[in-house]
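The structure appears right after this line, and notes come after that.
Chain A is the first sequence line, chain B the second, and so forth, proteins listed ahead of strands; every chain is numbered from 1.
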Amino acid sequence: NAGVTQTPKFQVLKTGQSMTLQCAQDMNHEYMSWYRQDPGMGLRLIHYSVGAGITDQGEVPNGYNVSRSTTEDFPLRLLSAAPSQTSVYFCASSGSGKPQHFGDGTRLSIL
Amino acid sequence: KNQVEQSPQSLIILEGKNCTLQCNYTVSPFSNLRWYKQDTGRGPVSLTIMTFSENTKSNGRYTATLDADTKQSSLHITASQLSDSASYICVVRVEYGNKLVFGAGTILRVKS
């Protein structure tokens, strides 16, 4: 019973590099989202998707892209990494009106 | 502005003791309120969810209360255990648009 799986768990990047954070869920949930968690702050929504082929911006979308080609996968792309993007990133999925299931996060450091 | 504020920021208690965490919100229109537990290095896990008409909801040793008039919620932990050490996050859902507003969390440490 995998739930929401995020890879990698840890990553260090140099400023200007690009990378993709992977997220997969096996619960057939339509709704998926990406958050970042910074010390002393609540989780902030980056992008979300209400189904395959549909994505929309959240609270802090700048510098990030997403796509949703399948129900299961929702990758997050950093286009040109900046030190301000150092954070812990969480992917979540949920059924309609249900609590979100979160992955265990990707800890990303930008040097 | 939709906001969720939690107090205290952190708390240390002895194993076996009870504690209460607070959540105040200014979210409107209100849909529901959720409490999550986040262990160190893990993602948040849902503990309870309450709608406008629910005053209390229990999940084992965790009991959440909601006062929709004063826009306050509390999470009471009974007979704490070392495994209760975690961050507890209050989340309020806005009616319409599927928007969630997260509190910054209360870090609880239970020591023996």
Side-chain angles (χ1 to χ4, degrees), chain A residues 1-10 21-25 27 29-51 54-61 74 87-108, chain B residues 1-10 21-27 30-54 57 59 62 64 73 75 86-107:
Chain A
N1 197 9
V4 178
T5 302
Q6 291 185 236
T7 56
K9 294 189 185 304
F10 303 93
L21 308 185
Q22 302 292 344
C23 175
Q25 53 96 4
M27 297 171 283
H29 287 162
E30 289 299 316
Y31 189 85
M32 295 186 74
S33 52
W34 275 102
Y35 295 89
R36 59 179 289 173
Q37 187 175 41
D38 299 296
M41 301 180 69
L43 276 79
R44 291 183 291 168
L45 182 65
I46 303 171
H47 285 285
Y48 66 96
S49 169
V50 298
I54 306 170
T55 63
D56 207 345
Q57 295 181 351
E59 183 183 354
V60 287
F74 190 44
S87 187
V88 183
Y89 291 85
F90 287 98
C91 177
S93 74
S94 64
S96 178
K98 302 295 184 183
Q100 292 185 317
H101 294 256
F102 287 85
D104 282 338
T106 293
R107 284 141 190 86
L108 182 63
Chain B
K1 181 181 178 182
N2 289 327
Q3 283 186 320
V4 173
E5 295 186 353
Q6 294 186 241
S7 61
Q9 284 188 325
S10 61
L21 313 181
Q22 300 290 343
C23 172
N24 296 339
Y25 61 92
T26 58
V27 175
F30 175 89
S31 176
N32 59 53
L33 185 145
R34 311 164 185 200
W35 283 94
Y36 283 84
K37 178 187 180 189
Q38 184 177 18
D39 292 316
T40 300
R42 305 297 299 272
V45 174
S46 179
L47 290 175
T48 64
I49 177 170
M50 290 182 291
T51 61
F52 185 88
S53 59
E54 296 176 297
K57 183 74 70 78
N59 179 356
Y62 301 100
S73 176
L75 181 68
S87 178
Y88 292 84
I89 302 171
C90 176
V91 186
V92 179
R93 180 174 176 174
V94 182
E95 188 72 70
Y96 316 124
N98 203 32
K99 179 177 171 59
L100 299 176
V101 184
F102 287 80
T106 292
I107 299 172

Worksheet item: If you count heavy-atom pairs under 4.5 Å between each of B:S31, B:P44, B:G105, B:S46 and chain A, which one has the most?
Response: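 Most heavy-atom pairs within the cutoff with chain A belong to B:P44.
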Heavy-atom count around A:R107 CZ within 6.0 Å, excluding the residue itself: above 12?
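Yes, the 6.0 Å shell around CZ holds more than 12 heavy atoms from other groups.
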- Message: If you count heavy atoms of other groups shown closer than 6.0 angstrom to CD of B:E5, is the number above 12?
- Response: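 Open.
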**Request:** Could you tell me which non-hydrogen atom of A:Q100 sits nearest to which non-hydrogen atom of B:F102, and how far apart they are?
**Result:**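 Shortest heavy-atom separation between A:Q100 and B:F102 comes out as OE1-CZ, 4.3 Å.
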* **Which atoms of A:L43 approach chain B - backbone, side chain, both or neither, heavy atom under 4.5 Å** =>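 Both parts, heavy atoms under 4.5 Å.
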Practice item. To the nearest 0.5 Å, tell me how far B:L100 CG sits from A:Y48 OH. Key: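 Interatomic distance, B:L100 CG to A:Y48 OH, rounded to 0.5 Å: 11.0 Å.
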Fill in: Contact origin within B:R34 toward chain A - heavy atom pairs under 4.5 Å
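Side chain of B:R34 only, per the 4.5 Å heavy-atom cut-off to chain A.
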Given that the side chain runs from C-beta out, which part of B:Q6 has a heavy atom under 4.5 Å from chain A: side chain, backbone, both or neither?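 Neither; nothing under 4.5 Å.
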Does the B:Y36 side chain pair with the main chain of A:P99, one donor and one acceptor, at a distance under 3.5 Å?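 Answer holds: no.
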